[in-house]
There are 2 protein chains.
Amino acid sequence: MHEKPTHVVLAVVLQVRDGRLQVLLWQRAQAPFVGAFALPGGYLLSGETLEDSIRRHLAEKVDVCELSHLEQLVTTGDPVRHPSERQVATAYLGLVPSDLDPELPDDTDWHPIDELPETAFDHGAIILAGRERLRAKLSYANIGFALAPHSFSISQLRDLYAAALGHEVSATNLQRVLLRRELLKATGERRASGPSGGRPAALFRFRSRTLEITDQFAVLRPPS
Amino acid sequence: MHEKPTHVVLAVVLQVRDGRLQVLLWQRAQAPFVGAFALPGGYLLSGETLEDSIRRHLAEKVDVCELSHLEQLVTTGDPVRHPSERQVATAYLGLVPSDLDPELPDDTDWHPIDELPETAFDHGAIILAGRERLRAKLSYANIGFALAPHSFSISQLRDLYAAALGHEVSATNLQRVLLRRELLKATGERRASGPSGGRPAALFRFRSRTLEITDQFAVLRPPS
DNA sequence: CAGGTTTTCAACTAACAGGCGATAACTTAG
DNA sequence: CTAAGTTATCGCCTGTTAGTTGAAAACCTG
């Protein structure tokens, strides 16, 4: 006969802060994994869908309205992932625009994703899966909108991409390619120039702020 | 207090048969959904991972060695997806090369994905999600290897892509693009020409038969 | 061997990526 | 007010890639 595992939902919430990609973690105070850092989440309740559940749990940590994107990431059910009970976990990937600074509870904070502290359960692997998903989608979808403020200059956007991808990005090419693909739209406004001077940057926004696949293998497109 | 849902694993097994993309379904003989068609799968047992579990269940339907690819697709936990019990389901996407013809149990058979019979639970939506995942990955990954025989002619491959994508594909471009990306390799052999004559086709194979992301947004590649 | 069928390739056009340098538009210091 | 510094933007050039077309190659059958 089959067993009934407990089911938990988790979220890898990512934001570019201070020029680095960071993930939201809270520090455990109870066994197992006392002192280790864990992803926000919790038990699935009766009557709620998986997405409802992760939104409810996240609401205890951050304002859910600040999430610009939320998608299912991976489900892990390895019998040894939890030391005492059989547990299946469904992880989501959440993204927060870089201009927001949510209020956080005392036990919760942002951590640069390339300097993770000790993590609980299999959360370390889940975080890395989230980063890989984000990097891949930056390449073939318009998911940049979820990292960026509503309106931004090209160099701001270049810095966001560089932080998420982990390497330098050319602003010239980024602008040309995103404009040609019609993902970006000039707002007509200009940003006030910074303290160190320089030409004021034109401001852009993403034409759509919902996920769209943009980079399709031309050979495989339907004939026009 | 949280409940403990039962957990089932499912598989959307796809194959191009007779020039059409088809999915493996079995016909239910018991309530609920008597007579409706369902995805293969079953309960998660203690001590097994999700992937172990779906492989075990699939083994009752097809020879698991014939699966060229298996990846996690989606987890659904909508409280109304099952009429009597609270159930969370993790679906996998499995692919079978088009030259295999697995032995099937009596209640199990292939169904063209664009002429689905009445399906049980939320399996219809899961099947469509599987098709979308396949179509997307044909565009940015080398997943064609999982649909194709070990060795094949370009026009065979074109027909496979056309069936999976649902529209015509140019053989000339397909060959050039896949060769330039070094996904394909000529074997040097040639196929015997068919009954209606014609030039014998050169045979190719995929250089790698494990999943690789191939179509990366050039701006976002690490600088060389 | 003529005519039909299928595959393959060469050539051409158009679009795209990437790099570089010039110019524009602001700042602050003197 | 002007010069020097800073940042953003644009135009041009080069090499690469996608897509189309048409011709040639390599087989079959009658």
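Values in this document were obtained by computation on a predicted structure and should not be read as measured data. Here is how names work: the chains are called A, B, and so on, in the same order as the sequence lines, proteins then strands, and each is numbered from 1.
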Base, sugar-phosphate, or nothing for A/A202, non-hydrogen atoms under 4.0 angstrom? sugar-phosphate
Ring pair (Phe, Tyr, Trp, His ring centres under 6.0 Å) with B/H111: which residues, sequence neighbours excluded? B/F37
Going by salt bridge (charged side-chain N to carboxylate O under 4.0 Å, His left out), name the residues that satisfy it together with A/R209, two or more places apart in sequence or in a different chain. none
Check: residues 150-160 of chain A side-chain donor-acceptor pairs under 3.5 Å, at least two apart:
| unit_1 | atom_1 | unit_2 | atom_2 | d |
| --- | --- | --- | --- | --- |
| A/S153 | OG | A/S155 | OG | 3.4 |
| A/S153 | OG | A/Q156 | N | 3.2 |
| A/Q156 | OE1 | A/S153 | N | 3.0 |

How close or far is atom C1' of C/dC16 from atom CD of A/E182, stated in whole angstroms? 15 Å
In whole Å, what is the span from the CG atom of B/L179 to the C1' atom of D/dG19? 16 Å
Going by ring-ring contact (aromatic ring centres under 6.0 Å, His included), name the pairs with one or both residues in residues 115-139 of chain A, residues two or more places apart or in two chains. A/F33-A/F121, A/H82-A/F121, A/F121-A/H123
Those residues that, when tested against B/R133, pass salt bridge (charged side-chain N to carboxylate O under 4.0 Å, His left out) (two or more places apart): B/E71
May I have the distance from A/E168 (atom CD) to C/dG18 (atom C1'), rounded to whole angstrom? 16 Å
Atom pairs under 3.5 Å: protein N/O with N/O of nucleotides 22-26 of chain D:
| unit_1 | atom_1 | unit_2 | atom_2 | d |
| --- | --- | --- | --- | --- |
| D/dA25 | N3 | B/R199 | NH1 | 3.2 |
| D/dA26 | N3 | B/R199 | N | 3.4 |

A/R158 has an atom CZ; how far is it from atom P of D/dT9, in whole Å? 11 Å
Phosphate OP1/OP2 of D/dA8 contacted by A/S155 side-chain N/O (<4.0 Å): yes
How about B/T108 and B/V62: do any of their side-chain heavy atoms sit closer than 4.5 Å? no
Counting only pairs under 3.5 Å, give me each side-chain donor-acceptor contact of residues 92-103 of chain A, with atom names and distances, residues two or more places apart or in other chains.
| unit_1 | atom_1 | unit_2 | atom_2 | d |
| --- | --- | --- | --- | --- |
| A/Y92 | OH | A/Q72 | NE2 | 3.4 |
| A/D101 | OD1 | A/R17 | NH1 | 3.2 |
| A/D101 | OD1 | A/R17 | NH2 | 2.8 |

How many whole angstroms separate atom CD1 of B/I154 from atom P of C/dC9? 9 Å
So, using salt bridge (charged side-chain N to carboxylate O under 4.0 Å, His left out) as the criterion, who are the partners of A/D78 when residues are at least two apart? none
Does C/dT7 have OP1 or OP2 sitting under 4.0 Å from an N or O in the side chain of B/Q175? no
Other residues, nucleotides and ligands only: do more than 12 of their heavy atoms fall within 6.0 Å of CG on A/D106? no
Kindly write out the residues that satisfy salt bridge (charged side-chain N to carboxylate O under 4.0 Å, His left out) with B/D107, not counting sequence neighbours, or none if the list is empty. B/K61
Check nucleotides 1-3 of chain D for protein N or O atoms closer than 3.5 Å to its own N or O atoms and list the pairs.
none

Nucleotide N/O of nucleotides 12-15 of chain C paired with protein N/O under 3.5 Å:
none

Nearest whole angstrom, please: distance from the C1' of C/dT7 to the CG of B/D159. 13 Å
With A/E212, which residues qualify under side chain to side chain contact (heavy atoms under 4.5 Å, CB included), at least two apart? A/N142, A/R207, A/S208, A/T210
Please state how far atom CG in A/N173 lies from atom C1' in D/dG15, giving the value in whole angstrom units. 13 Å
